[in-house]
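Structure record follows, encoded as structure tokens.
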Amino acid sequence: MNVVEQKDKDLAAHLASIQKDEMTVFVMADGRIRGALFNGSEFVNRLHLQHGLGILETMILGQAALGGALMIPMMKGEEHIVWRHEVSGPAQGFSIEADSRGFVRGYLFNERIPVTKPLENWSLKPFLGEGTMTVSVLRKGDKEPFSSSVQVDSGNIAEDLAWYYKQSEQISTAFNTSVQMDKMGRVIGAGGMFLQIMPETGGSKVSGAAKSSSSDAKENEALLSRAELAFRTCPSLGQWFAEKGTHEDLVYGLFREFKPSIAVRRKITFSCPCNEENYITHIRSLPQAELEDIRKNGPDPLEICCRNCGSVYHIPVSKI
């Protein structure tokens with residue numbers, strides 16, 4: 001029985017009736033555009049329940065985790081990224097980790113965000129504010145991660161992520177993330193999409209010269225404009241999946257003029273490598289005086305909560 005079934009059987013039945021969590025990676029426009037669509041309905045439910053988050057907190061961390069998941073198909077080989085969003089608003093920010101193997105985990109810096117008046121809409125700007133987005137990338141064989149930062153002030157996590165790729169990677173990328181809730185505050189659908197215009201490798205179509213011709217440049221601008229227009233007409237992804245929408249209908253319907261082709265399907269999970277043995281090892285490394293105090297005064301068992309995923313471990317003192 002998974003975490004959703006344990007907490008809410010009706011919600012689990014709904015999630016079982018819609019398209020299963022999956023990421024679809026696709027290409028179109030003769031390879032000039034690539035993208036990915038992720039149904040993360042159970043994925044967001046898992047982070048919501050494991051962290052014990054409220055509605056607003058789930059909206060923020062859910063969209064951040066969906067964004068982290070969308071960064072996975074853009075990784076080169078074996079990579080692990082840490083994305084820290086440090087902002088001036090009451091949410092304070094978040095940390096998201098994503099691994100090329102398909103694992104995502106993360107947490108809010110403030111899991112109990114104060115709300116002083118009823119929310120008029122789902123704009124997150126009052127709770128995020130301005131700040132800094134830092135992405136650290138660790139590739140196989142690297143001794144230290146490579147980090148790059150940009151200033152952000154949109155109050156929109158998807159737009160901030162697109163701004164980062166524009167500034168750090170010099171690649172036009174668009175993101176769309178959405179979390180749909182019912183009247184009871186339950187996550188009934190969640191999803192994300194990215195679209196990326198790949199840079200030309202050089203040479204005009206006619207001459208093969210090092211510089212693109214003016215006609216090529218105009219064609220690229222037209223392609224970008226049409227792709228952006230199609231992307232902006234995308235429906236709410238959370239609602240789309242909540243209402244049993246499929247990957248195929250959205251990709252082939254929304255981008256039909258670009259002749260899309262689904263290249264890869266893969267599983268993405270909200271998961272963490274934490275386990276009881278690792279925590280026992282960490283506790284045993286504490287100063288001897290602290291260990292003696294624990295053995296004499298408890299508590300027994302020790303309750304350890306993983307900050308990254310919300311998993312709770314109850315460790316008997318006898319094990320340390």
Side-chain angles (χ1 to χ4, degrees), residues 2 4-5 8-29 33-49 55 58-74 102 104 121-122 124 156-159 161-162 173-196 226-270:
N2 63 34
V4 179
E5 290 175 319
D8 191 327
K9 293 187 182 298
D10 290 339
L11 177 59
H14 164 73
L15 294 175
S17 73
I18 65 177
Q19 189 169 47
K20 67 178 181 179
D21 276 22
E22 188 175 53
M23 177 173 286
T24 295
V25 181
F26 57 91
V27 294
M28 54 192 188
I33 303 175
R34 68 173 177 174
L37 174 62
F38 177 42
N39 172 16
S41 301
E42 186 171 341
F43 171 91
V44 173
N45 267 288
R46 182 174 291 275
L47 72 84
H48 160 68
L49 293 171
I55 294 174
T58 300
M59 277 287 182
I60 295 175
L61 187 60
Q63 292 192 47
L66 290 167
L70 292 170
M71 299 170 82
I72 291 175
M74 290 185 277
V104 179
N121 53 54
W122 280 116
L124 301 179
N156 182 300
I157 294 169
E159 290 180 7
L161 197 51
T173 310
F175 290 87
N176 181 346
T177 57
S178 172
V179 176
Q180 182 75 18
M181 294 185 176
D182 65 10
K183 294 180 180 179
M184 297 175 64
R186 300 180 300 186
V187 177
I188 56 174
M193 178 190 288
F194 88 82
L195 209 64
Q196 194 169 68
R226 298 199 321 272
E228 288 178 343
L229 179 60
F231 188 86
R232 286 198 299 269
T233 62
C234 179
S236 163
L237 293 172
Q239 184 176 357
W240 175 265
F241 289 121
E243 296 178 353
K244 303 185 180 182
T246 69
H247 288 234
E248 292 79 7
D249 285 347
L250 192 58
V251 171
Y252 291 116
L254 194 63
F255 302 117
R256 57 186 176 276
E257 73 166 292
F258 304 102
K259 299 180 180 179
S261 175
I262 293 176
V264 177
R265 299 178 189 270
R266 61 180 305 180
K267 186 174 180 61
I268 306 292
T269 58
F270 186 77

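A 6.0 Å sphere centred on CZ of Arg256 holds no more than 12 heavy atoms belonging to other residues, nucleotides or ligands.
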Quiz prompt | Criterion side-chain contact (heavy atoms from CB on, under 4.5 Å) on Leu124 and Gln63, from CA distance to verdict | solution = CA-CA 11 Å; Leu124 301 179; Gln63 292 192 47; 4.0 Å; yes

Quiz item: Which is it for Asn39 and Lys20 under the side-chain contact (heavy atoms from CB on, under 4.5 Å) test, yes or no, and what are the steps along the way?
Solution: CA-CA 7 Å; Asn39 172 16; Lys20 67 178 181 179; 5.8 Å; no

Quiz prompt | Criterion side-chain contact (heavy atoms from CB on, under 4.5 Å) on Lys267 and Met23, from CA distance to verdict | solution = CA-CA 6 Å; Lys267 186 174 180 61; Met23 177 173 286; over 6 Å; no

Practice problem: Could you give me the CA-CA distance, side-chain angles and deciding distance for Phe270 and Glu42, then say whether side-chain contact (heavy atoms from CB on, under 4.5 Å) is met? | Solution: CA-CA 9 Å; Phe270 186 77; Glu42 186 171 341; over 6 Å; no

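Every residue two or more places apart in sequence or in another chain was checked for a side-chain contact (heavy atoms from CB on, under 4.5 Å) with Lys259, and none qualifies. Applying the side chain to side chain donor-acceptor pair (under 3.5 Å) test to Glu22 and every residue at least two apart in sequence or in another chain returns nothing.
Taking the six-membered ring for Trp and the full ring otherwise, Phe38 and Phe43 have centroids separated by under 6.0 Å.
Closest approach of Ala242 and Gln180 over heavy atoms only: CB-CG, 4.5 Å. Heavy-atom minimum distance, Gly185 versus Ile55: CA-CD1, 3.8 Å. The two residues Ile268 and Ala69 have their closest heavy-atom pair at CG2-CB, 3.8 Å. Nearest heavy atoms, Phe26 versus Leu37: CE2-N, 4.0 Å. Considering all non-hydrogen atoms of both residues, Phe258 and Ala230 come closest at CE1-CB, 4.1 Å. What you find for Met193 and Cys234 is that their closest heavy atoms are CE-SG, 4.2 Å.
You'll find the side chain of Trp240 reaches within 4.5 Å of the side chain of Asp249, heavy atoms only. Annotation: side chain of Asp10 is in contact with side chain of Arg186 (closest heavy-atom distance under 4.5 Å).
The closest donor-acceptor contact from the side chain of Ser41 to the backbone of Ala190 lies under 3.5 Å. Remark: the backbone N or O of Ile188 is paired with a side-chain donor or acceptor of His14 at under 3.5 angstrom.
If you take CG on Leu66 and OG on Ser178, they are separated by 8.5 Å, rounding to the nearest 0.5 Å. Between Met28 atom CE and Phe255 atom CZ the span is 4.5 Å, to the nearest 0.5 Å. Residue Thr24 holds its OG1 atom at 5.0 Å from CD1 of Ile262, rounded to the nearest 0.5 Å. Within the model, atoms CZ of Arg46 and CG of Asp21 stand 9.5 Å from one another, a figure rounded to the nearest 0.5 Å. Taking CZ from Phe241 and CG from Leu250, the interatomic distance works out to 6.5 Å, rounded to the nearest 0.5 Å. In this structure, the separation between OG1 on Thr58 and CG on Leu47 is 6.5 Å, given to the nearest 0.5 Å.
For residues 236-248, the pairs satisfying salt bridge (Lys or Arg N to Asp or Glu O under 4.0 Å) are Glu248-Arg265, with sequence neighbours left out.
For the side chain to side chain contact (heavy atoms under 4.5 Å, CB included) with Val179, the lone residue among Val187, Asn45, Leu237 that qualifies is Val187.
Gln19 and Thr246 share no donor-acceptor pair across their side chains, judged by distance under 3.5 Å alone.
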